[in-house]
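Okay, so here's the structure we're looking at.
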Protein chains: 2
Amino acid sequence: MASNAVMEETLQVLKDHKLRVTPQRHIILAYLVSHHNHPTVETIRDGVGKELPNVGASTVYNTLNTFVDHHLVVELQNGDGSTHYDYFGTPHYHAICTNCGRIVDVTYPGFSDTEKSLEKKTAELSGYMISGNHMEVYGLCPECQIKLGIKNNE
Amino acid sequence: MASNAVMEETLQVLKDHKLRVTPQRHIILAYLVSHHNHPTVETIRDGVGKELPNVGASTVYNTLNTFVDHHLVVELQNGDGSTHYDYFGTPHYHAICTNCGRIVDVTYPGFSDTEKSLEKKTAELSGYMISGNHMEVYGLCPECQIKLGIKNNE
DNA sequence: TTAGTAAGTGAGAACCATTCCAATGTAACT
DNA sequence: AGTTACATTGGAATGGTTCTCACTTACTAA
């Protein structure tokens with residue numbers, strides 16, 4: 001269950017984006033803010049099961065699509081067939097394991113400059129009016145490196 | 001129909017990757033090499049209809065998944081529900097229109113440095129053994145800017 | 001050159017994540 | 001409180017992708 005602080009914050013976020021505040025939206029957003037496990041729709045339904053026992057799958061999909069449209073949340077694919085979601089409070093990108101699908105958040109000082117410079121270059125070269133980006137890096141997570149008996153040759 | 005030069009090149013690419021050379025693989029790869037329209041499976045089946053009139057959908061999917069595994073091809077989502085494919089002969093990334101789904105290839109001198117630096121940072125921070133990345137930039141393509149009557153405020 | 005064999009192909013069925021639909025419920029504004 | 005536009009539900013429909021399996025074929029080793 002999300003803390004009161006999170007509930008207050010998410011309430012404000014919904015209002016700031018002029019989104020109608022329903023219990024479903026509020027609770028789902030709070031779940032995303034307080035969990036960084038890159039959940040699927042199924043994971044989210046399980047996670048909010050206590051507060052929203054009868055939430056419809058369509059509602060969760062609708063809600064997430066709304067959040068994505070408002071850039072509150074980003075969609076991620078890790079190859080397991082379903083979409084994963086991530087609250088995007090602070091700029092970061094994702095490292096995705098090509099073996100087990102594990103997704104981890106990554107950021108570093110200066111990342112936001114890299115991003116901005118990529119967007120600027122893209123605008124110049126393509127004529128697009130840029131609204132956002134996605135960066136992902138693929139590889140084997142530390143656990144899978146061990147599991148597969150791969151030794152890092154450095 | 002792909003040129004002889006393309007057919008020779010793709011034959012070599014398949015052999016280099018130790019992939020069994022079937023007509024289906026050869027023709028589909030040649031199609032991807034000579035078309036930069038980021039096709040879907042459906043588009044590809046139409047495109048190779050003359051050479052492979054009875055190619056099965058499964059075959060096209062299998063072939064593309066094999067190419068993806070071998071990093072010959074990358075997968076792209078533009079929000080229309082189906083996967084788009086792109087031959088990845090030279091390093092580049094994609095700008096995707098959030099309105100019409102149009103995908104364009106983008107690159108610039110120094111892009112490969114940006115990529116390498118992102119991968120290096122990621123390896124350090126996450127412990128992943130990096131094998132690749134995806135970068136995408138979103139925005140409105142020039143046509144949609146006009147269509148939607150948006151003026152660039154610069 | 002010719003088996004032998006591991007791998008690829010094709011048609012259709014199956015799968016399943018996501019969207020659609022129509023009825024019901026409810027948040028927000030007057 | 002009344003109104004209205006929007007959100008929620010659950011079930012059905014959709015459709016992209018994978019699975020199955022019988023058949024065919026590309027490679028390899030003699």
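Order of the sequence lines sets the chain letters (A, B, ...), proteins ahead of strands, with each chain counted from 1.
- For A:Thr83 and C:dT18, the shortest distance from a side-chain N or O to OP1 or OP2 is below 4.0 Å.
- Rounded to whole angstrom, the span from the CG atom of B:Leu14 across to the P atom of D:dA26 amounts to 13 Å.
- For B:Arg20, no side-chain nitrogen or oxygen approaches OP1 or OP2 of D:dT25 to under 4.0 Å.
- In the displayed structure, B:Glu124 atom CD is contacted under 6.0 Å by more than 12 heavy atoms of other residues, nucleotides or ligands.
- In summary, the side chains of A:Thr40 and A:Thr43 do present a donor paired with an acceptor at a separation below 3.5 Å, with no hydrogens or angles considered.
- Of the residues A:His84, A:Glu136, A:His38, the one that meets the side chain to side chain donor-acceptor pair (under 3.5 Å) test with A:Asn78 is A:His84.
- Out of C:dG8, D:dT9, D:dT17, the shortest distance to the side chain of B:Val41 is found at D:dT17.
- Contacts of B:Thr40 with the nucleic acid, taken as non-hydrogen atoms under 4.0 Å apart, are absent.
- Between the NE2 atom of A:His26 and the P atom of C:dT26 there is a distance of 18 Å, given to the nearest Å.
- Between A:Asn54 and the phosphate of D:dT8, there is no side-chain N or O to OP1/OP2 separation shorter than 4.0 Å.
- Look at CG on B:Asn62: it is 13 Å from P on D:dT17, rounded to the nearest Å.
- Not one side-chain nitrogen or oxygen of A:Thr22 sits closer than 4.0 Å to the OP1 or OP2 atom of D:dA7.
- Rounding to whole angstrom units, CG of residue A:Leu52 and C1' of D:dT9 are separated by 13 Å.
- We find that NE2 of B:His70 is positioned 13 Å from C1' of C:dG8, with the value rounded to whole Å.
- For A:Ser82 and C:dC16, a side-chain-to-base donor-acceptor distance below 3.5 Å is absent, hydrogens and geometry of angles not being considered.
- Summarising the geometry, the separation between OH on A:Tyr61 and C1' on C:dC20 is reported as 14 Å, rounded to the nearest angstrom.
- Along DNA chain D, the nucleotide closest to B:Asn65 and the one closest to B:Leu19 are compared, and the more 5′ of them pairs with B:Asn65.
- If you measure from atom CD of A:Glu75 to atom P of C:dA17, you get 15 Å, rounded to the nearest angstrom.
- Aromatic ring centres of A:His71 and A:Phe67: separated by at least 6.0 Å.
- One atom, CD of B:Gln24, and another, P of D:dT25, lie 9 Å apart when rounded to the nearest Å.
- Nearest-nucleotide positions on DNA chain C for A:Val21 and B:Thr66 put B:Thr66 closer to the 5' end.
- Among the protein residues, B:Pro53 comes within range of no part of the nucleic acid, since none of its heavy atoms lies under 4.0 Å from any strand.
- Atom NE2 of residue A:His134 and atom CE of residue B:Met135 lie 13.5 Å apart, to the nearest 0.5 angstrom.
- Between the side chain of B:Ser58 and the base of C:dA11 there is at least one donor-acceptor pair of N/O atoms closer than 3.5 Å.
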